S.K.: 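The structure that follows is given in the form of structure tokens.
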2 protein chains.
Amino acid sequence: MTIYDIAREAGVAASTVSRVINNKPGIKAETRKKVQDLLDKYNYTPDVAARGLVMQSTKMVGILIVDIRVTHHINSAFVIEQELTKRGYCSIIMSTGPEGENKSEYIRILEQRRVEGVILMGSMFATEQIKEAIQRHLSKVPVVIVNGYLDLPNVSGVLIDEDAGVGKCADLLISKGKKKLAFVLDQPSPANLRKQQGFCDAVLRHGASREDLLLYEAEESSVQGGYDVTVRILREHPDVQGIIYSIDLVAVGGIRAAHDLGVNVPEQLGIIGVDSSIYGEICMPKLTTLNNKLEEVSEIAATILREGLEGKVQNRKLMMFSEIIERESS
Amino acid sequence: MTIYDIAREAGVAASTVSRVINNKPGIKAETRKKVQDLLDKYNYTPDVAARGLVMQSTKMVGILIVDIRVTHHINSAFVIEQELTKRGYCSIIMSTGPEGENKSEYIRILEQRRVEGVILMGSMFATEQIKEAIQRHLSKVPVVIVNGYLDLPNVSGVLIDEDAGVGKCADLLISKGKKKLAFVLDQPSPANLRKQQGFCDAVLRHGASREDLLLYEAEESSVQGGYDVTVRILREHPDVQGIIYSIDLVAVGGIRAAHDLGVNVPEQLGIIGVDSSIYGEICMPKLTTLNNKLEEVSEIAATILREGLEGKVQNRKLMMFSEIIERESS
DNA sequence: CTGTTAGCGCATTCAG
DNA sequence: CTGAATGCGCTAACAG
């Protein structure tokens, strides 16, 4: 069913049907009704792609996420999707996987779809490779990176001071008398490395030497990964009194490991995660965590993208400040 | 940059460029190279919408989810998205919210986008209202409902025997000597009501009378909702020995409530959830849960959709069988 | 082997 | 107030 089909049956021209559909003025009420009735009768809906072709506007945006199953990323995507849907945009949400080449490939897919704006979810997108892909394929549309930044005229970034935040977490543990601390990375993303740096800075500031820096990496970003690495830490350094994990999911594995090993949390071992995720509320004891304000960050990202879609200035760089949520594990 | 721009610079016709792009045979190697070089030089990528217009194929599918933040739904969507992306399709993943009218509206949006297939995630889409919307707007494309079914020629459904599964959960608790059982619903979706029915059937089968049926509903589908309703159950019926929850997320709230009330799990109170979600592995004790095979179900749904996209038979109805994963809470 | 032509479904001139 | 003509970017049928 096209406007031509409707036009023929109504005995008018296609342009008249188009005008009715788009509520343009200057149509006799009688004609309008006749056409509208037909439109209703056939449940006609315009082909937005065809419309987009002539309007030069697809009303589509892309949201790239390394893995949509990661809770905090999909939560952020939700916020952005809702905002954009409200404004008539359609979101293409895709899982790119961790490999850089794939991520570039997805950027190409978005270009092919002629999206009008892009959200890149997570610091994993703040790489040189992506920067090149954006220059090559998406230099004309606003791009907003959540928790990352690339210096390109059409790219904006909303950052989070997770490094300072993790530093505050270390301060907190130390203030509770925990002398020897360790840091666990789930994966070496730019954001996680920043957190690790924040940890190192804080520990060194408290008078530790470089050799005292206990830095670990989990085998996988999961509960099990956190469990395993914690068992290892506690075996290699039984005197560790506090562990900070790059994300909650891994931290809750640590809590369970401590439990199984008969180590009391928080008395013998303080544990802190990052994300203020639901996982931290489920485990026992409840997890102290760094709230990195992902929802607020997402709202800001959505706003910046919206402004970009409206043609306002791009290349903005904002910073959100994280806060510790103290619960039972510290 | 369009094929005409390339064609002009290469001194050939647009159709030749098109042939090069699509790897059609019958082009002199020399010409092909000349065009390809230009294509590369300008990083040309075809506009898939324009192509779709003439090919009558958008290569897009829609995945409708009530709320993409719900872990098991987005996990399912992930499986389907991966499969479809591999085949060159682009997924429009949208959160519809729970209201029926909105859901119909989203179906209209998908029609406007001329998607070639649709996944409806969750039993919440198996309603008369959606059925009408599908008839009106999506009667020409394959639709697959995950954990639900509607009797329409273009609709398929993959069901899960969660009712029988929950019945087996009740059997398990009873076999452990738990006489008095309660069931908690997080929301009255068709699937959840089926679970409740399975619970009732099982309990009655074991000789209980209708008055013994303890059916509760959580205020909200969350940890807190599970916590609150469990406190209420334990207050109103201190002799309850087992509770089955419609989903894990709510069950872990129950585990915490029991802990705070000084009720031992599983000795005094057996607790079972549904979903085999990560939540159940995080809480303490670990949650016994009904594995409703969401991943397998999603894979099947993806397969059916793929076959539908290839023009194969639709209106299929399959059933997956759930299995109890026994952990520590039962 | 390649160019010309037509048309996908729509919005938008410009006439009338 | 309405219709005819044009073009968005692309592919395909048909000539040559």
Side-chain angles (χ1 to χ4, degrees), chain A residues 1-36 38-39 42-60 88 90 108-116 137 140, chain B residues 1-36 38-39 42-60 88 90 108-116 137 140:
Chain A
M1 189 58 46
T2 74
I3 51 172
Y4 281 93
D5 299 321
I6 301 286
R8 194 179 325 113
E9 189 160 342
V12 301
S15 49
T16 300
V17 178
S18 173
R19 284 192 264 262
V20 172
I21 291 167
N22 297 294
N23 276 313
K24 303 272 174 174
I27 297 264
K28 213 198 304 174
E30 184 190 343
T31 311
R32 186 182 293 276
K33 178 167 176 8
K34 186 172 53 179
V35 171
Q36 188 60 57
L38 248 23
L39 256 18
Y42 290 114
N43 286 312
Y44 171 86
T45 33
D47 180 326
V48 297
R51 172 182 284 170
L53 195 57
V54 25
M55 307 275 282
Q56 293 294 327
S57 150
T58 58
K59 283 284 187 179
M60 295 208 292
C90 203
R108 231 178 56 79
I109 292 177
L110 293 184
E111 185 200 11
Q112 290 186 186
R113 296 280 170 183
R114 300 294 188 268
V115 295
E116 299 176 25
H137 298 294
K140 299 301 198 184
Chain B
M1 189 59 44
T2 74
I3 51 172
Y4 280 93
D5 300 321
I6 302 284
R8 195 179 322 114
E9 189 161 340
V12 300
S15 51
T16 300
V17 178
S18 172
R19 284 191 266 261
V20 172
I21 292 168
N22 297 295
N23 276 312
K24 302 271 175 175
I27 297 264
K28 213 196 307 176
E30 183 190 345
T31 313
R32 187 183 293 277
K33 178 166 173 18
K34 185 172 56 180
V35 172
Q36 188 61 56
L38 248 24
L39 255 20
Y42 291 115
N43 285 311
Y44 171 86
T45 32
D47 180 327
V48 298
R51 172 182 285 169
L53 195 58
V54 26
M55 307 275 282
Q56 294 294 331
S57 149
T58 58
K59 284 283 186 179
M60 294 207 293
C90 202
R108 231 177 57 79
I109 292 177
L110 293 184
E111 185 199 11
Q112 292 186 185
R113 297 280 170 181
R114 299 296 186 267
V115 295
E116 298 176 27
H137 298 293
K140 299 301 197 183

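A quick note: this is a predicted structure, and the numbers were derived from the prediction, not measured. In what follows, chains carry the letters A, B, and so on, assigned in the order in which the sequence lines appear, proteins first and then strands, with residues in each chain numbered from 1.
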S.K.: Specify the separation, in whole Å, of atom CG of B/L39 and atom P of D/dC10.
M.R.: 10 Å
S.K.: Of the non-hydrogen atoms in B/E9 and B/Y42, which two are nearest, and what is the gap between them?
M.R.: OE1-OH, 2.8 Å
S.K.: Between A/Q56 and D/dG9, does any side-chain N or O lie under 4.0 Å from OP1 or OP2?
M.R.: yes
S.K.: Please tell me which of B/L53 and B/T31 maps to the more 5' nucleotide of DNA chain C, matching each residue to the nucleotide holding its nearest heavy atom.
M.R.: B/T31
S.K.: Contact between A/T45 and B/R108 at the side-chain level, heavy atoms closer than 4.5 Å - yes or no?
M.R.: yes
S.K.: How far does CG of A/L110 sit from SG of B/C90, to the nearest 0.5 angstrom?
M.R.: 7.0 Å
S.K.: Across the strands shown, which category fits B/I3 at heavy-atom distances under 4.0 angstrom: base, sugar-phosphate, nothing?
M.R.: base
S.K.: Just report the end-to-end axis angle for the helix from C/dC1-D/dG16 to C/dG16-D/dC1, five pairs per end, to 10 degrees.
M.R.: 50°
S.K.: In this structure, how many angstroms lie between the P atom of D/dT11 and the CG atom of B/N23, rounded?
M.R.: 12 Å
S.K.: Taking all atoms of both residues into account, what is the closest heavy-atom pair of A/A13 and A/A7, and its distance?
M.R.: C-CB, 3.7 Å
S.K.: What closest approach, in Å, do A/L53 and A/Q56 show between heavy atoms, and which atom pair accounts for it?
M.R.: O-NE2, 3.3 Å
S.K.: Quick one: A/E111 CD to D/dG9 C1', roughly how many Å, whole number?
M.R.: 14 Å
S.K.: Tell me, do B/E111 and A/N43 make a side-chain contact under 4.5 Å, heavy atoms counted?
M.R.: no
S.K.: Distance check needed: D/dG3 P versus A/Y4 OH, whole Å only.
M.R.: 12 Å
S.K.: Figure out the CZ/P separation between A/R19 and C/dA11, and round it to whole Å.
M.R.: 11 Å
S.K.: Please step through side-chain contact (heavy atoms from CB on, under 4.5 Å) for the pair A/Y4 and A/V17, ending with a clear verdict.
M.R.: CA-CA 8 Å; A/Y4 281 93; A/V17 178; over 6 Å; no
S.K.: Is the distance from OP1 or OP2 of D/dT2 to the nearest side-chain N or O of A/K24 less than 4.0 Å?
M.R.: no
S.K.: What is the distance from CD1 of A/I27 to P of D/dT2, rounded to the nearest Å?
M.R.: 5 Å
S.K.: When you measure from every atom of DNA chain C, which of residues 5-18 of chain A have a heavy atom less than 4.0 Å away?
M.R.: A/S15, A/S18
S.K.: What is the distance from CD of B/Q112 to C1' of C/dC10, rounded to the nearest Å?
M.R.: 13 Å
S.K.: Which distance, rounded to the nearest 0.5 Å, do you find between the CD1 of B/I27 and the CZ of B/R32?
M.R.: 5.5 Å
S.K.: Examine D/dT11: is either OP1 or OP2 under 4.0 Å from a nitrogen or oxygen in the side chain of B/R51? Give yes or no.
M.R.: yes
S.K.: Rounding to a whole Å, what distance do you find between A/M1:CE and C/dC10:P?
M.R.: 10 Å
S.K.: Are A/R51 and A/K59 close enough that some pair of their side-chain heavy atoms sits under 4.5 Å apart?
M.R.: no
